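Accompanying notes for the structure given below.
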Amino acid sequence: MPEGHTIHRLALDHTASLGGQRVAVASPQGRFADGAARVDGARLERVTPYGKHLFYEWSTGDVIHVHLGLIGKFFTHPTPAPAPSDTVRLRLTGSSATVDLIGATVCELIDPAGQAAILARLGPDPIRRDGDPERAWPKLQRRASPVGLALMDQSVVAGVGNVYRAASLFVHGIHPEVAARTVTHEQWLELWVTLRTWLRQGVKDGVIITVPPAELGKSRKRIAKGEALYVYKQDRCRRCGSEIRRWDLGGRWAYACESCQPRR
Ligand SMILES: [Zn+2]
């Protein structure tokens, strides 16, 4: 599943290619035909990213809410674009770029009140300037469940997925199974700063890099996807050489080096 950095990157790209324009909106697949018809030809005022959600805000006052889920993807073509396949849920045609959406979990038309209701359910987003770690702190303090689950819970902190979860807990020496409420305030603020730094850098890089490029002996631009990770999908710990343990945590794989991340 795309993590927050991918969503923010998409928002920047779509704002650059379609923002401020009158956009032709269609649903070649048909499942979003009514919503598309309502904003077809309207001006795209802005694209707002929050966590793993995208909000396309139109001059009509309508908002298209997109959540990619596990398999959703955007494709960009130069305009005029080739004829869409019948899997394209949403096609946005601007003067120079055409954006297609396929496979998304959510593609719905909402109003600003609906948008506000979704935002109210989400925790702070570390990429956003308004992201405040203190909003997440009371929720962490109440939870006896594993911190590894809390970090992926979008109502606690928005935008963190499996890869950033694994790496951030590793670098701070925290086992994913430790109860969220045993994490200290200082540890949480350190985790937040790490997540904020990595996620913001991820918006620029387009790939997730959690191991310092100097440690890999190559420049940031030459690092391939999946190469700069400490524990996620790794066999051995990059720091101590111990075997990485992998287990099912709430339906998603968790990874840890149990030497570097003791259970206490
Ligand atoms: Zn280790």
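This one's a predicted model, so the numbers in the text were calculated from it and none came from an experiment. One is the number of the first residue; the rest follow in order along the sequence. Indexing begins at 1, ligand by ligand and atom by atom, following the structure's order.
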Show me the donor-acceptor pairs, under 3.5 Å and distance only, between side chains in residues 16-33 and residues at least two apart or in other chains.
{"unit_1": "Ser17", "atom_1": "OG", "unit_2": "Asp13", "atom_2": "O", "d": "3.0"}
{"unit_1": "Gln21", "atom_1": "OE1", "unit_2": "Ser95", "atom_2": "N", "d": "2.8"}
{"unit_1": "Gln21", "atom_1": "OE1", "unit_2": "Ser95", "atom_2": "OG", "d": "3.3"}
{"unit_1": "Gln21", "atom_1": "NE2", "unit_2": "Ser17", "atom_2": "O", "d": "2.9"}
{"unit_1": "Arg22", "atom_1": "NH1", "unit_2": "Gly41", "atom_2": "O", "d": "3.2"}
{"unit_1": "Ser27", "atom_1": "OG", "unit_2": "Gly30", "atom_2": "N", "d": "3.3"}
{"unit_1": "Ser27", "atom_1": "OG", "unit_2": "Phe32", "atom_2": "N", "d": "3.0"}
{"unit_1": "Ser27", "atom_1": "OG", "unit_2": "Arg89", "atom_2": "O", "d": "2.6"}
{"unit_1": "Gln29", "atom_1": "OE1", "unit_2": "Arg89", "atom_2": "NE", "d": "3.1"}

Can I get a per-line list of side-chain donor-acceptor pairs under 3.5 Å for residues 244-253, giving both atom names and the distance, sequence neighbours left out?
{"unit_1": "Arg245", "atom_1": "NH1", "unit_2": "Glu258", "atom_2": "OE2", "d": "2.8"}
{"unit_1": "Trp247", "atom_1": "NE1", "unit_2": "Glu177", "atom_2": "OE2", "d": "2.5"}
{"unit_1": "Asp248", "atom_1": "OD1", "unit_2": "Gly251", "atom_2": "N", "d": "2.8"}

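Shown here are the protein N/O/S atoms lying under 2.8 Å from the Zn ion (ligand 1), water excluded: Cys237 SG, Cys240 SG, Cys257 SG, Cys260 SG.
Remark: Asp130 engages Arg128 in a salt bridge (charged side-chain N to carboxylate O under 4.0 Å, His left out) (not counting sequence neighbours).
The aromatic rings of Tyr56 and Phe74 are tilted relative to each other, their planes meeting at an angle between 30° and 60°. Using a 30° and 60° split on the angle between ring planes, His53 and His67 fall in the perpendicular class, above 60°.
Between the side chains of Thr79 and Ser96, no donor-acceptor pair is found at a separation under 3.5 Å.
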